[in-house]
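All heavy atoms count here, side chains included; hydrogens, waters and symmetry mates do not. If you read the sequence from its start, that first residue is 1, and numbering goes on from there.
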Amino acid sequence: MTATLGDIAAVCDAELQGDPASKIFNVASLRNSAPGDLSFFVNRYFHADLEKTRATAVVLAATDAPACPTARLISSDPYLAYAKAARFLNPIAKFSPGIHPSAVVNASADIAADCFIGANSVIGGNVVIGSGSYIGPGCVIEAGVVIGSQCRFYPRVTLMERVEIGMRVLLHPGVVIGADGYGIANDSGRWLKIPQLGNVVIGDDVEIGANTTIDRGSLENTVVETGAKIDNQVQIGHNTRIGEHTAIAGAAVVAGSVKIGRRCMIGGASAITGHIEIVDDVVITGMSGVSNSIKQAGVYSSGVPVTDNKTWRKNMARFRHLDEIARKIARMEKLVNK
């Protein structure tokens, strides 16, 4: 899409310092930009790239404007302004309604006339698909699923029976929603499967990344509330509730019956144990292990940063004696106090 700098400034609510009639065709990094590109600057590490950029314009903060050799879009939040500009320049591709001849659609399905059903997709009985939704190639929508309007499912999405999807939900390739939760009971050394009888309910404006899995509840529903954003290859266990506008980064694991509040941020590769609660506005940094409830908003970490192997081996050897050392220190403190 082509737009003028004036149009882009209006979209991202930025102050323009430059020619409003200049044409912008795309977005690019500072280093790899060319005339006609829009770039952004938020990280001091790239200051040299800012001074040499060939972009037609750069989105940045007012304090960084003197170093920019091109037109500027001044914003108090440059990254947010850039995001708005990038969305404006790269709208989601439109589609023509219709059902591909290779799709298998149950006669009882209720599909709005302006939807698209892609090649080799399977739509089960009593499925409801709202107006303007796009179901990509190879998707499987099992019986009783309800999908709201303006949704977009990319290839190979699987929704198991009775799953409920809100409006404007974006599901990336390979997403599986509503598979059985991990419910088993030990019967004299052998595992007995427990039927998973709950459902999965996804709110409006949710985005779920490629190959992420969200299990159905065992008795109650698994719920992802409005505006939540979940990255690729995330596992959400049964009966878990994800609060509104919470963001979960890639490869995170959330066990069953966890309640995560609103506006939380869960770092990549974090692991959250089951049956705990995390309140609103909590940030958990990457590779953290969360084994207890978090009852106050704030930033939490537990991952051990990488170090050279020789140092790590020494630290691990000392770690085995940590309790012994702590007890010795406590005894020494008592002697000093006497």
Can a donor-acceptor pair be found, under 3.5 Å and without considering hydrogens, that links the side chain of [X] to the backbone of [Y]?
X	Y	answer
Thr158	Val140	no
Arg72	Cys68	yes
Lys52	Leu30	no
Asn337	Glu333	yes
Thr56	Pro35	no
Thr212	Gln233	yes
Asn232	Ala210	yes
Asn221	Val223	no
Thr240	Ala255	yes
Asp77	Leu80	yes

Distance in Å, [X] [atom1] paired with [Y] [atom2], rounded so as to fall on 0.5 Å steps:
X	Y	atom1	atom2	value
Leu171	Glu207	CG	CD	9.0 Å
Ile177	Glu164	CD1	CD	12.0 Å
Ile242	Cys264	CD1	SG	9.0 Å
Arg313	Asp308	CZ	CG	11.5 Å
Lys314	Thr307	NZ	OG1	10.5 Å
Asp205	Thr226	CG	OG1	7.0 Å

Original post:
Parallel under 30°, tilted from 30 to 60°, perpendicular over 60°: which one fits the rings of His47 and Phe41?
Top reply: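 It falls in the perpendicular class, over 60°.
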
Common cluster, [X]/[Y], ILVMFWY with side-chain heavy-atom separation under 4.5 Å:
X	Y	answer
Val282	Ile260	yes
Val11	Leu73	yes
Val283	Val258	no
Leu89	Val59	yes
Met160	Val175	no

With side chains defined as the heavy atoms from C-beta onward, is the minimum distance between [X] and [Y] less than 4.5 Å?
X	Y	value
Gln150	Arg168	yes
Val58	Leu50	yes
Val127	Ile129	yes
Ile294	Tyr300	yes
Asp64	Arg44	yes
Ile74	Gln17	yes
Ile272	Ile278	yes
Val146	Ile165	no

Criterion salt bridge (charged side-chain N to carboxylate O under 4.0 Å, His left out) on Glu225 and Arg241, from CA distance to verdict
CA-CA 8 Å; Glu225 296 182 0; Arg241 177 177 286 267; 2.7 Å; yes

Heavy atoms from other residues, nucleotides or ligands near [atom1] of [X] exceed 12 (cutoff 6.0 Å):
X	atom1	result
Tyr182	OH	no
Met332	CE	no
Glu220	CD	no
Arg162	CZ	yes
Lys259	NZ	no
Asp13	CG	no

Please report the shortest heavy-atom distance between [X] and [Y], naming the atom on each side.
X	Y	result
Ser302	Met287	OG-O, 4.4 Å
Ser293	Glu277	OG-N, 3.0 Å
Ile147	Ile141	CD1-CG2, 4.1 Å
Val279	Ala297	CG2-N, 3.7 Å
Phe40	Val42	CE1-CG2, 3.8 Å
Ala61	Pro78	N-CG, 3.5 Å

Just distance, no hydrogens or angles: give the donor-acceptor pairs under 3.5 Å from side chains in residues 92-99, sequence neighbours left out.
none

Mind listing the side-chain donor-acceptor pairs of residues 104-122 below 3.5 Å, one per line with the distance, residues two or more places apart or on another chain?
unit_1: Asn106; atom_1: OD1; unit_2: Ser108; atom_2: N; d: 2.9
unit_1: Asn106; atom_1: OD1; unit_2: Ser108; atom_2: OG; d: 2.7
unit_1: Ser108; atom_1: OG; unit_2: Asn126; atom_2: N; d: 2.8
unit_1: Asp114; atom_1: OD1; unit_2: Ser131; atom_2: OG; d: 3.2
unit_1: Asp114; atom_1: OD1; unit_2: Gly132; atom_2: N; d: 2.9
unit_1: Asp114; atom_1: OD2; unit_2: Ser131; atom_2: OG; d: 2.7
unit_1: Asp114; atom_1: OD2; unit_2: Gly132; atom_2: N; d: 3.3
unit_1: Ser121; atom_1: OG; unit_2: Gly118; atom_2: O; d: 3.4
unit_1: Ser121; atom_1: OG; unit_2: Gly136; atom_2: O; d: 2.7
unit_1: Ser121; atom_1: OG; unit_2: Gly138; atom_2: N; d: 3.4
unit_1: Ser121; atom_1: OG; unit_2: Cys139; atom_2: N; d: 3.1

Using atom types as modelled, flag every donor-acceptor pair under 3.5 Å from a side chain in residues 20-29 to any protein atom, sequence neighbours excluded.
unit_1: Ser22; atom_1: OG; unit_2: Asp19; atom_2: O; d: 3.2
unit_1: Ser29; atom_1: OG; unit_2: Asn32; atom_2: N; d: 3.2
unit_1: Ser29; atom_1: OG; unit_2: Asn32; atom_2: ND2; d: 3.4

Exactly one candidate in Lys193, His238, Gln196 meets side chain to side chain donor-acceptor pair (under 3.5 Å) with Asp180; the answer is Lys193

* Asked: Salt bridge or not for Asp37 and Arg54, using N-O below 4.0 Å?
  ->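 Result for this pair is no, no salt bridge flagged.
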
Practice item. Give a yes or no on whether a salt bridge exists between Glu244 and Arg263, defined as a side-chain N under 4.0 angstrom from a carboxylate O. Key: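 Salt bridge flag = no for Arg263 with Glu244.
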
- Query: Any side-chain donor-acceptor pair under 3.5 Å between Gln235 and Thr213?
  - Reply: yes

Decide whether Glu161 and Asn199 meet the rule of one side-chain donor and one side-chain acceptor closer than 3.5 Å.
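No.
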
Check each of Ser149, Cys151, Ser133 against Val169 using the side chain to side chain contact (heavy atoms under 4.5 Å, CB included) test, and report the only one that passes.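 Result: among Ser149, Cys151, Ser133, Cys151 is the only option passing the side chain to side chain contact (heavy atoms under 4.5 Å, CB included) with Val169.
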
